[in-house]
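For reference, the structure discussed in these notes is given below.
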Number of protein chains: 2
Amino acid sequence: MYYLSRMSTSYTEENYLKAIYKLQESNGETVATSTLAQVMGVHAPSVTDMLKRMAGKKLISYQKSKGFKLTEKGKQVAVDIIRRHRLWEVFLVDKLGFRWDEVHTIAEELEHIQSSPLVDKLDAYLGYPKADPHGDPIPDANGVLPKSRSVLLSSLKAGKAGKFTGVSDHSVSFLNYLDKMGISLGDTIKIKHVEDFDKTYTLELKGKKPAVVSHKVANSLLVIEQ
Amino acid sequence: MYYLSRMSTSYTEENYLKAIYKLQESNGETVATSTLAQVMGVHAPSVTDMLKRMAGKKLISYQKSKGFKLTEKGKQVAVDIIRRHRLWEVFLVDKLGFRWDEVHTIAEELEHIQSSPLVDKLDAYLGYPKADPHGDPIPDANGVLPKSRSVLLSSLKAGKAGKFTGVSDHSVSFLNYLDKMGISLGDTIKIKHVEDFDKTYTLELKGKKPAVVSHKVANSLLVIEQ
DNA sequence: ATATAAAATTAGATCGGTCTAATTTATTAT
DNA sequence: ATAATAAATTAGACCGATCTAATTTTATAT
């Protein structure tokens with residue numbers, strides 16, 4: 001009789017896994033040491049060390065000087081942490097009354113609490129939410145992440161409209177800007193005009209007066225065309 | 001212009017502080033290295049090392065080979081952690097539906113989440129509870145711990161009655177035993193008889209049939225005489 | 001009051017996670 | 001195709017938290 005070494009992941013490993021997962025999602029399959037070092041806020045040799053440890057735990061597959069990617073096991077852990085992060089964000093906003101720009105750092109800590117029953121009960125308590133307060137989809141208990149049908153507002157032609165379902169820029173300053181402009185998740189946004197000269201967008205928001213925003217903003221809003 | 005070095009406490013330090021606080025509460029003012037080593041589940045030299053670090057941060061006052069105790073600052077941190085621990089326990093039981101015997105280990109992790117607004121909002125959300133699910137009092141936001149008027153059931157004479165307000169034994173097995181016996185927080189318990197021979201207690205529980213329990217049990221129940 | 005036992009501390013090592021400096025490997029430009 | 005540049009790794013060190021083994025300090029018993 002033997003154990004299939006449980007060997008649970010450390011706080012730090014979990015943060016690496018999450019970062020690698022997000023990099024793989026956006027920048028293609030394999031990730032570079034330097035990129036990861038940058039997003040983790042550490043120096044390259046620290047990453048190399050950590051990669052070796054994680055490769056030993058079969059969380060990533062790693063070929064010296066050739067980049068690396070998550071194994072299935074690593075992906076599972078990463079998705080689970082993302083699930084917890086987003087569920088806690090919902091809790092902080094819906095139940096405790098935090099604003100959507102305040103919850104990220106607190107959830108960064110809460111996501112590491114080790115207890116499956118806790119996560120499952122939290123999920124149920126929140127009513128099995130499909131998305132976090134920024135519109136990011138929440139993986140289900142089996143690690144299945146519903147794929148989003150939303151696109152960047154900037155990809156829509158003038159005259160088209162979409163329902164605002166999420167942001168691609170999660171910075172506090174951008175979230176505050178949206179609050180100030182009165183643009184909220186769920187709003188229907190119609191593109192009245194795109195200025196050819198500087199790509200400025202004039203938007204129509206139902207029941208609000210038209211807003212003029214930069215291309216950068218239109219490029220940070222996720223919508224479902226309607 | 002200079003900073004008053006913020007130097008926040010580590011996860012491990014917080015656990016030491018909590019343990020020292022509890023030892024000081026029950027075993028008088030100064031604590032011994034060996035005692036602390038035992039409750040922390042580490043060996044004595046580890047404690048000595050940690051004491052030096054914490055003394056450097058002015059969290060404890062420490063005289064080599066003479067025992068040690070918390071400074072005011074150390075006491076503040078300890079009480080704050082106890083506050084968080086107990087608030088999270090209330091959340092886990094009242095909101096998520098955990099049983100009172102399941103919440104301790106999860107709260108041991110949650111108590112270290114660093115965010116005062118989080119704790120304050122949680123407190124408000126829970127309705128400013130005065131006690132955790134085991135009847136332990138919750139310090140308020142200023143670190144004031146309401147002193148309890150409760151006594152051990154075993155200190156009451158036969159014929160007297162008390163309201164069951166807390167336990168002095170927090171073990172899962174004892175909590176399960178109470179569940180099995182149908183003894184719950186808030187119950188009024190009357191001592192019908194104390195057997196001289198073996199100190200067995202016969203208890204009357206309102207609306208339930210009499211229960212016979214050992215002295216050990218009577219010595220683990222906290223009541224307010226009425 | 002001194003020997004013995006118990007408690008506490010020091011010395012030296014390990015582990016995870018990080019660093020800097022030096023070196024090796026891979027990529028790019030001419 | 002080779003030199004120059006960029007990226008990655010190795011080597012060696014540090015810090016916090018722990019360990020074991022050895023030593024010192026304090027308490028206890030006769």
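Numbered from 1 within each chain, the chains take letters A, B, ... in sequence-line order. Side chains included, hydrogens not; waters and symmetry mates left out as well; all remaining heavy atoms used.
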Problem - Options dT18(C), dT9(C), dT9(D), nucleotide nearest the side-chain atoms of Val42(A) - result: dT18(C)

Completion exercise
Ala32(B) has its side chain closest, among dA26(C), dT18(C), dA8(C), to dA8(C)

Does [N] have OP1 or OP2 under 4.0 Å away from a side-chain N or O of [X]?
X: Ser10(A); N: dG16(C); answer: no
X: Tyr16(A); N: dG16(C); answer: no
X: His43(B); N: dT20(D); answer: yes
X: Lys64(A); N: dT10(D); answer: yes
X: Ser34(B); N: dA6(C); answer: no
X: Ser46(B); N: dA17(D); answer: no
X: Arg53(B); N: dG16(D); answer: no
X: Lys52(B); N: dT10(C); answer: yes
X: Thr33(B); N: dT9(C); answer: yes

Any idea how [X] and [Y] line up, ring-wise: parallel (<30°), tilted (30 to 60°), or perpendicular (>60°)?
X: Phe91(A); Y: Phe91(B); result: tilted
X: Tyr201(B); Y: His215(B); result: tilted
X: Phe68(B); Y: Tyr62(B); result: perpendicular
X: Tyr177(B); Y: Phe174(B); result: parallel
X: His170(A); Y: His134(A); result: perpendicular

Problem - Closest-nucleotide 5' rank along DNA chain C - winner of Thr35(B) and Thr12(A) - result: Thr35(B)

Problem - Along DNA chain C (nearest heavy atom to each residue), the more 5'-positioned of Pro45(A) and Leu51(B) - result: Leu51(B)

Separation of [N] [atom2] from [X] [atom1] (nearest whole Å):
X: Lys66(B); N: dT24(D); atom1: NZ; atom2: P; answer: 18 Å
X: Asn15(B); N: dG16(D); atom1: CG; atom2: P; answer: 17 Å
X: Glu13(B); N: dG16(D); atom1: CD; atom2: C1'; answer: 9 Å
X: Tyr11(A); N: dG16(D); atom1: OH; atom2: C1'; answer: 16 Å
X: Met50(A); N: dT9(D); atom1: CE; atom2: C1'; answer: 16 Å
X: Asp49(A); N: dA11(D); atom1: CG; atom2: P; answer: 11 Å
X: Gln63(A); N: dT24(C); atom1: CD; atom2: C1'; answer: 17 Å
X: Met40(A); N: dC19(C); atom1: CE; atom2: P; answer: 10 Å

Practice task
Using a heavy-atom cut-off of under 4.0 Å over every strand shown, decide if Thr48(A) touches base, sugar-phosphate, or nothing.
Solution key: base

Practice task
Tell me what Tyr62(B) touches on the nucleic acid: a base, only sugar-phosphate, or nothing, going by heavy atoms under 4.0 Å.
Solution key: sugar-phosphate

Exercise for the section: Report yes or no: is the cationic atom of Lys95(B) (NZ for Lys, CZ for Arg) closer than 6.0 Å to the six-membered ring centre of Tyr125(B), at no more than 45° off its axis? Expected result: yes

